[in-house]
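Please read all numbers here as calculations on a predicted model, not as lab measurements.
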Amino acid sequence: SGLDPNTTYAFRARAHRGYWTNSDYSNCASVKTAASGTPPSPTNLKATATSSSQIKLTWKDNATNESGFEIYRKAGAKKWEWLITTEPNVKTFIDDTAENNPSTILYQYYILAFNDSGNSPSTFSATVQYSPINLKASPGTDVGAIKLTWADKSSNETGFEIYRKTGKCESAAKWTKVATLAANQKTWTDKWRTSGKEYAYQIRAFRKTGLALPAYGYSIYSNCSSVKAP
């Protein structure tokens, strides 16, 4: 049956096999449902650094009855603050006051929808990571292998995304994501490239927050580095 509005519910789960074999219960998680008539929450929040002072927010609008969206931001050690209220049906916003986001100030965001009945539950927070630095592409030890190394400047990233294109960094070729790595990695080898052909690389750090309907934060891209495959 459906859940009552404006009510806190707690949940836990356990696995079972057959009739008599059950695991221990999981941890308990609780959530409060929205008030009746309020819009559903936005989902798929992404906060992506596009320059040293700009962060682009995008999200999915799941409501047809919202009056708008409220965006909140936390900059470094400061408290959470209201940033802006948008019009209804908006799905993107650019924060052009996010100074020093690549290296010294950690920015976090969450959003919610609202109408005359009240607010939706908020999204998970999207945390923009510090950008990895000193990316270097060099010939690997095997034919067609290129080794990447970099410095990890984040402390709570979920992992790294690696992008590649053919040619030098200034080439007009399209960037393609070729790998997603776990947290704290500082090296990766790209295998089976064409010997004698030039390849360019850049990477970014990301953080995933929440299991169901998560939010994502992405750092600005690292420097580009290119090399010919051995």
Report yes if some heavy atom in the side chain of D190 is under 4.5 Å from a heavy atom in the side chain of Y199; otherwise report no.
no
Is there a side-chain contact between N156 and Q129, using heavy atoms and a 4.5 Å cut-off?
yes
Stepwise, does the ring pair (Phe, Tyr, Trp, His ring centres under 6.0 Å) test hold for Y221 with W175?
CA-CA 12 Å; Y221 287 102; W175 287 105; 7.5 Å; no
The residue among W80, Y110, Y107 that forms ring pair (Phe, Tyr, Trp, His ring centres under 6.0 Å) with Y72 is Y110
Taking the six-membered ring for Trp, are F160 and W150 closer than 6.0 Å centroid to centroid?
yes
ring-ring contact (aromatic ring centres under 6.0 Å, His included) partners of Y109, counting only residues at least two apart:
none
Kindly state whether the ring of F69 and the ring of W59 have centres lying under 6.0 angstrom apart.
yes
With side chains defined as the heavy atoms from C-beta onward, is the minimum distance between T189 and K147 less than 4.5 Å?
yes
Residue pair T166, K197: steps toward the side-chain contact (heavy atoms from CB on, under 4.5 Å) verdict:
CA-CA 8 Å; T166 57; K197 191 173 183 178; 4.0 Å; yes
Given E66, which partner from the list T86, N89, T38, N115 fulfils the side chain to side chain contact (heavy atoms under 4.5 Å, CB included) test?
N89
State, without any angle test, whether T97 and R73 hold a side-chain donor-acceptor pair at a distance under 3.5 Å.
yes
Hey, are the side chains of P132 and D152 touching, using non-hydrogen atoms and a 4.5 Å cut-off?
no
Which pairs count as salt bridge (charged side-chain N to carboxylate O under 4.0 Å, His left out) when at least one residue sits in residues 76-89, sequence neighbours excluded?
none
If we only count heavy atoms from C-beta on, is the N65 to P40 side-chain gap below 4.5 Å?
yes
Counting C-beta onward and ignoring hydrogens, is there a side-chain heavy-atom pair between I146 and K228 closer than 4.5 Å?
no
Within a radius of less than 6.0 Å around NZ of K165, do more than 12 heavy atoms belonging to other residues, nucleotides or ligands occur?
yes
Classify the angle between the aromatic ring planes of Y216 and Y218 as parallel (below 30°), tilted (30 to 60°) or perpendicular (above 60°).
parallel
